[in-house]
Amino acid sequence: GKTLKGWTQRNGTATYRVENGAIVGKTKEGSPNSFLCTDKLYGDFDLKFEVKVDNGLNSGVQIRSQTKGGPKGRVNGPQVEIEVSGPNGGESGYIYGEAAGGWMTPRRMRRPHTLFKDDRWNAYRVVAKGPHIQVWINGIQISDLVHEEKFKSHPKGFIGLQVHGIRKGTGPFEVSWRNIEIIELK
């Protein structure tokens with residue numbers, strides 16, 4: 001919560017800063033998705049964080065992610081979705097394969113919900129053990145996914161904080177993360 005030491009920005013030109021103990025990502029018009037990634041790689045873990053996102057911005061947290069084509073290549077891998085609920089609910093907490101095949105959570109399991117509280121801090125917990133990924137938002141389990149195929153290609157990787165690209169003439173938007181804690185599981 002004090003510096004960005006231990007993190008490296010990959011892809012995109014969104015900006016990241018530390019403010020009041022939180023990491024704040026800000027969109028930049030014309031930028032593709034941007035990711036602030038841990039320098040350390042993680043396999044099995046229990047990750048907790050709080051997040052708040054501006055209305056109009058979709059975001060996510062990459063887990064076990066990699067880059068295609070070397071260190072400066074395209075970020076790819078499982079992503080825990082962060083999305084405002086709005087009046088019709090959203091898909092926060094489900095798992096998306098960023099540049100890795102699209103939704104990992106099957107359509108039949110993705111039900112819009114309003115557990116993500118718009119304009120407020122939301123507590124996430126992500127437990128990844130082998131091919132099993134579980135996600136809770138504000139203490140309620142959203143996702144309980146087993147994905148053998150993605151685990152084979154992404155058994156270990158970095159954690160990445162995403163600032164999604166935006167359409168021209170929109171934004172700027174911000175997403176903030178705080179109280180990020182990770183425990184490696186054996």
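Side-chain contact between Tyr124 and Ile82 is present, with at least one heavy-atom pair separated by less than 4.5 Å. Residues His132 and Asp144 meet the side-chain proximity criterion, which asks for heavy atoms closer than 4.5 Å. You'll find the side chain of Ile133 stays beyond 4.5 Å of the side chain of Val127, heavy atoms only. Here the side chains of Leu161 and Val61 are in contact, with some heavy-atom distance below 4.5 Å. Between Val24 and Trp177 there is no side-chain heavy-atom pair separated by less than 4.5 Å.
A salt bridge links Glu50 with Arg178: the closest approach of a Lys/Arg side-chain nitrogen to an acidic carboxylate oxygen falls below 4.0 angstrom. Taking a cutoff of 4.0 Å between a charged side-chain nitrogen and a carboxylate oxygen, Glu174 and Lys52 do not qualify as a salt bridge. Taking the charged nitrogens against the carboxylate oxygens, Lys40 and Glu184 do have a contact shorter than 4.0 Å, which makes a salt bridge.
Under the 4.5 Å side-chain contact rule for hydrophobic residues, Ile95 and Phe151 do not share a cluster. At a threshold of 4.5 Å between side-chain heavy atoms, the hydrophobic network of Ile, Leu, Val, Met, Phe, Trp and Tyr places Trp121 and Val163 in two separate groups. Both Ile23 and Ile182 sit in one connected hydrophobic cluster of ILVMFWY residues. Membership requires side-chain heavy atoms under 4.5 Å apart, directly or through other members. Linking Ile, Leu, Val, Met, Phe, Trp and Tyr residues whenever their side-chain heavy atoms come within less than 4.5 Å places Ile137 and Ile140 in a single cluster.
Other members of the cluster containing Leu41 are Phe35, Val75, Phe158, with ILVMFWY side chains joined at under 4.5 Å, either directly or via other members.
Among residues two or more places apart in sequence or in another chain, the salt bridge (Lys or Arg N to Asp or Glu O under 4.0 Å) test is passed with Asp44 by Arg64. Residues forming a ring pair (Phe, Tyr, Trp, His ring centres under 6.0 Å) with His113 (at least two apart in sequence, or on another chain): Tyr94.
For Glu29, the CD atom sits in a packed shell: over 12 heavy atoms of surrounding residues, nucleotides or ligands are nearer than 6.0 Å. Within a 6.0 Å radius of CG in Asn20, other residues, nucleotides and ligands contribute 12 heavy atoms or fewer.
Looking only at distances, no side-chain donor or acceptor of Lys28 sits under 3.5 Å from a matching main-chain atom of Ile166. Side chain of Ser65 to backbone of Gln62: no donor-acceptor contact under 3.5 angstrom is found. Between the side chain of Thr67 and the main chain of Arg74, no donor-acceptor pair closer than 3.5 Å is present. A distance-only check finds no donor-acceptor pair linking the side chain of Asn11 to the backbone of Asn33 [under 3.5 Å]. The backbone N or O of Ser143 lies less than 3.5 Å from a partner atom in the side chain of Gln141, making a donor-acceptor pair.
Donor-acceptor pairing under 3.5 Å is recorded for the side chains of Asn58 and Glu81.
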